[in-house]
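Just so it is clear, the model here is predicted, and its values are computed rather than measured. Both counts, for ligands and for their atoms, begin at 1 and track the order of listing.
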Amino acid sequence: MKPVVLRTKKAARAYVTAQQKAGKTIALVPTMGALHEGHASLMRQARPKADIVIVSVFVNPTQFGPNEDFAKYPRTFQDDLLVCEREKVDAVFAPQPKDMYCGDRSAWVNEESLSRFLCGARRIGHFKGVCTVVSKLFNLFQPQVACFGKKDAQQLLILERMVRDLDFPIKVVECPLIREKSGLALSSRNKYLSPEEKKQALVLSQSLKAAKEAVSSGKSAAETKKLIAKIIATSPLAKVDYISICDRETLEEVKTFKKGQKILVALAVYFGTTRLIDNVWLTTPKK
Ligand code: AMP
């Protein structure tokens, strides 16, 4: 069945009220569209967890900086609908920015600790935009469950913190990062890459694989970071924005590994003007 398309907040509210009256539970999958297999996997995780699965497709202007790619971000709504239909999504919410935000908006949701690091340090205001739009979606849809991908590790950890600290009655589901067979992490921004850039971007997943082996074989944080940098440097087109090995609770840089420490190895690297992120979630050896 084709999903119901909700174009406005008013239509969304009416839909949600009807579902609630019928006693249905809701799982929400927020996206910015240009849907790929990574997004589809979130929908598949959501499907058995609630009666109704709602996907939002909204390129959220408040999470883009003034010199970022908001205007050119891929918009492929008709194809997105086909993905949603295939994944048995019940409704797709696709509003216009002017319906989502009042022109004189002045209230925001901000996470102030984890947002200081990684992408938050480079994309000022990004996570404020993310937390605000996700809060608005939570208020509109009142889902019991919301699915987010580990691909955007910092976003996921910040949203979990937001849900905890602001008492949203929502279970956040952490979904695995989906890669192409080549190892490249799926991303809507991969569409920007030239064939050569795409080939060279494989250094990201290769360096993370090497990092995983280094950490499990007892190498130090400094040695692991050096190894990652060395592998990325084999690509002449790669320009590193950051390489971070950080604690998964605080996102603070780890200098010395503790035993059994939950860490995140996270990268942001430019290929041409395209900024790609990738990561791996690891635990340091227990002994
Ligand atoms: P986006 O449309 O890029 O804002 O992403 C929407 C959701 O899909 C976020 O929760 C992302 O983490 C998730 N996502 C994007 N790419 C992937 C991927 N390759 N694997 C898993 N989840 C992903």
Applying a heavy-atom distance cut-off of 4.0 Å, which protein residues contact ligand 1?
P30, T31, M32, H36, G38, H39, L42, Y73, F148, G149, K151, D152, Q155, P176, L177, I178, L186

For M32 and F58, what are the C-alpha separation, side-chain angles and deciding distance, and is it a side chain to side chain contact (heavy atoms under 4.5 Å, CB included)?
CA-CA 5 Å; M32 297 206 300; F58 179 58; over 6 Å; no

Go through the structure and list residues passing salt bridge (charged side-chain N to carboxylate O under 4.0 Å, His left out) with E196, not counting sequence neighbours.
K199

Kindly confirm or rule out a cation-pi arrangement of K150 over W281, judged by NZ or CZ under 6.0 Å from the six-membered ring centre and within 45° of its axis?
yes

Does one side chain, of E197 or T274, offer a donor that lies under 3.5 Å from an acceptor on the other?
no

Aromatic Y101 / basic K136 pairing, under 6.0 angstrom, 45° off normal:
yes

Taking the ring centre of each residue, are F93 and F141 less than 6.0 Å apart?
yes

